[in-house]
*Asks:* 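Once you've had a glance at the structure underneath, I'll fire off some questions.
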Amino acid sequence: MFSVIDCNSFYVSCERLFQPRYENRPVVVLSNNDGCVISRSNEAKALQIPMGAPAFKYENVFKQHNVKLFSPNFTLYGDISSRVMNVISRYADGMEIYSIDEAFLFLEGVTLEQSLIMHREIRERVKKEVGIPVSIGISSTKTLSKAANEIAKNNDKYGGVYNIDIKNVSQYRQDLTNLKVGDVWGIGRRYAELLRSHGVETAYQFSKCDDEWIRKNMSIVGLKTAQELRGTSCLDLEEVRPAKQSIISSKSFGKPVSELTELKEAVSTFTTRAAEKLRSEGEVAGQIRVSLLTNIHKSSDPQYFPSSSAQLMGPTDFTPDLISEALKIVNKIYRKGYLYKKAIVQLYDLRAQDKIQLGLFPKNVNNNEKTIAKNKKIMKSVDSLNNEWGSETVQFGSQGLVKQAGKVGKNKKWFQRRSMRSDRYTTRWNELLKVIC
DNA sequence: TCTGGGGTCCTAGGACCC
DNA sequence: TCTGGGGTCCTAGGACCC
């Protein structure tokens, strides 16, 4: 038996935790640059504000209905997430943290009744100890438990916990008939369109489709989804998170950038971010890729999407080496006369730090043992200083003084706007919640 | 003026090898 | 006159997830 525990409107719930005056009011969390909507309270959903909607298109709705807007505060969300997961883990032998707001459990040797009791308790404990509301779906496969979760979330009458029992044939059929095929986990916009064009509207109809046809049109992945809907488990619990295969740092700029020097500062900073992530994963990268993008939404502007990659001189996690390769690529792909809106730095061909293969000609390249040891020490010091004193306390020259007078990103066109970010209540001493009596 | 960011997996097709 | 076939590796592109 599987279950999936999903936090309701997670980012919004995190914000409400520290500012309860926004309960019962429409609340929205925006993406970086306050670009589009990435989390909505039920009240905001009721105003027909879609997920992913560009904020500027809904300005009137926001004003008219007094919608509270937040810039994203991922530091806060990450910390609250780990508290939620911590509570859940007390109940489970096997648990898979699927995303920042979601976890799967695998349950053996419990009856349905016992499972329902346990999950109601999980729901109460998470609400009481962390303050976040969750919905829970239970069934015999992961895909069915996600479907049950949809039902739990959208029907108050089930008290946040719902179970799909494939043995109760008529109910099972009813549940899957009520579920639109596009709402099935694993069926996105494209496949939903394809299926609808073949007269398949509901999850139940999809589960009755011909295997050969599914395999041919939706690959093995689609076939597994169909089988899971029929009650055959094809997707196991992944308790150990597999090592990352790539690390990306990609951000839109606050304002369009046309100058090479500014692009290089941005790419240096993104590379620094990616390298930090790389080290925290205990991995090294063999290749790096840099892409630049003009604003795809502005069709009147000339468009240009160059990108190129480079093999590193031996796998590394040393920020200066990564920056220097990234900047070589920028020099190569940059063309004057375009308004760039976004840059992407991607590290891949990753492997564990302790599996670095030394260079064949160690004197000529940067990965002989001595250099590696020295570089490791340097990065360790930089990381711990930045952890202790805030990011960008130690910067690399090519970033172009991102932090000045304690302010990060000031006067940098490419730096992102985050004007409505709440405080990092749980991770910064100087941003602790103040209670005034 | 203003449209997110970070991931995974699968497949087809080309290059290359023997 | 007849000009293979099996296998691997790599990459780009497309689908999906939250």
*Asks:* Relative to the 5' end of DNA chain B, which residue comes earlier, A:Ser249 or A:Phe253, by the nucleotide with the nearest heavy atom?
*Replies:*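 Counting from the 5' end, the first nearest nucleotide belongs to A:Phe253.
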*Asks:* Can A:Asp34 and A:Ser419 be counted as having a side-chain donor-acceptor contact under 3.5 angstrom?
*Replies:*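 A:Asp34 vs A:Ser419: donor-acceptor pair found between side chains.
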*Asks:* Using a 4.0 Å heavy-atom cut-off across all strands, classify A:Tyr191 as base, sugar-phosphate, or nothing.
*Replies:*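 It contacts sugar-phosphate atoms only.
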*Asks:* Is there a donor-acceptor pair closer than 3.5 Å between any side-chain N or O of A:Glu228 and the backbone N or O of A:Leu235?
*Replies:*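 Confirmed, A:Glu228 side chain pairs with A:Leu235 backbone.
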*Asks:* Which is true for A:Lys342 with a 4.0 Å heavy-atom rule: it touches a base, it touches only sugar-phosphate, or it touches nothing?
*Replies:*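 Result for A:Lys342 = sugar-phosphate.
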*Asks:* With sugar-phosphate meaning primed atoms plus P, OP1 and OP2, does A:Val29 contact a base, only sugar-phosphate, or nothing at under 4.0 Å between heavy atoms?
*Replies:*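 It contacts nothing in the nucleic acid.
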*Asks:* Would you check if the side chain of A:Arg25 reaches a backbone N or O of A:Asn66 as a donor-acceptor pair within less than 3.5 Å?
*Replies:*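 Judged by distance alone, yes, a pair lies under 3.5 Å.
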*Asks:* State whether the side chain of A:Ser249 and the backbone N or O of A:Thr271 hold a donor-acceptor pair below 3.5 Å, judged by distance alone.
*Replies:*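 Not at all, since once roles are kept as given, no pair shorter than 3.5 Å links the two residues.
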*Asks:* Base, sugar-phosphate alone, or nothing: which one does A:Arg215 contact when heavy atoms must sit under 4.0 Å apart?
*Replies:*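 Sugar-phosphate, no base atom in range.
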*Asks:* Is there a donor in the side chain of A:Arg421 and an acceptor in the side chain of A:Ser71, or the other way round, less than 3.5 Å apart?
*Replies:*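 Result is no, nothing qualifies.
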*Asks:* Reading DNA chain B 5' to 3', which nucleotide is the first, and which the last, to come under 4.0 Å of any heavy atom in chain A?
*Replies:*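 Footprint of chain A along DNA chain B, 5' to 3': B:dC2 to B:dT11.
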*Asks:* Base, sugar-phosphate, or nothing for A:Asp34, non-hydrogen atoms under 4.0 angstrom?
*Replies:*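 Answer is nothing: A:Asp34 stays at 4.0 Å or more from every strand.
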*Asks:* Report the residue (A:Phe74 or A:Lys244) whose heavy-atom-nearest nucleotide on DNA chain B is the more 5′ of the two.
*Replies:*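 Its nearest nucleotide lies further toward 5', so the answer is A:Phe74.
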*Asks:* A:Ile187 near the nucleic acid: base, sugar-phosphate alone, or nothing, with a heavy-atom cut-off under 4.0 Å?
*Replies:*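 If one applies the 4.0 Å heavy-atom cut-off, A:Ile187 turns out to touch the sugar-phosphate alone, with no base involved.
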*Asks:* Taking atom types as modelled and ignoring hydrogens, do the side chains of A:Gln287 and A:Ser309 form a donor-acceptor contact shorter than 3.5 angstrom?
*Replies:*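 The answer is no; no qualifying pair exists.
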*Asks:* Please, which pairs that meet side-chain hydrogen bond (donor to acceptor under 3.5 Å, both in side chains) have at least one residue in residues 145-156 of chain A, sequence neighbours excluded?
*Replies:*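 Only A:Glu102-A:Lys146 qualify under side-chain hydrogen bond (donor to acceptor under 3.5 Å, both in side chains).
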*Asks:* Taking atom types as modelled and ignoring hydrogens, do the side chains of A:Tyr77 and A:Glu15 form a donor-acceptor contact shorter than 3.5 angstrom?
*Replies:*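 Side-chain D/A pair, A:Tyr77 to A:Glu15: present.
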*Asks:* Defining pairs by Watson-Crick or G-U wobble geometry with both distances under 3.5 Å, how would you list the stems of DNA chain B with at least three pairs each?
*Replies:*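 Expected stems, ordered by start: B:5-18 with C:5-18.
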*Asks:* Taking the C1' atom in each of C:dG4 and B:dC16, what is the distance between them to the nearest angstrom?
*Replies:*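 Straight-line distance between the two C1' atoms is 15 Å.
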*Asks:* Please classify the nucleic acid contact of A:Lys146 as base, sugar-phosphate, or nothing, using heavy-atom distances under 4.0 Å.
*Replies:*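 Since only primed, P, OP1 and OP2 atoms lie under 4.0 Å of A:Lys146, the category is sugar-phosphate.
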*Asks:* With a 4.0 Å cut-off, would you call A:Arg273 and A:Glu276 a salt bridge?
*Replies:*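 Yes, this pair counts.
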*Asks:* Contact class for A:Ile247 (heavy atom, under 4.0 Å): base, sugar-phosphate, or nothing?
*Replies:*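 Counting heavy atoms under 4.0 Å across all strands, the contact made by A:Ile247 is with sugar-phosphate only.
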*Asks:* Just to be sure I understand the rule, does A:Lys255 reach a base, reach only the sugar-phosphate, or reach nothing, if contact means heavy atoms closer than 4.0 Å?
*Replies:*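 Nothing: the residue A:Lys255, judged by heavy atoms under 4.0 Å, touches no strand.
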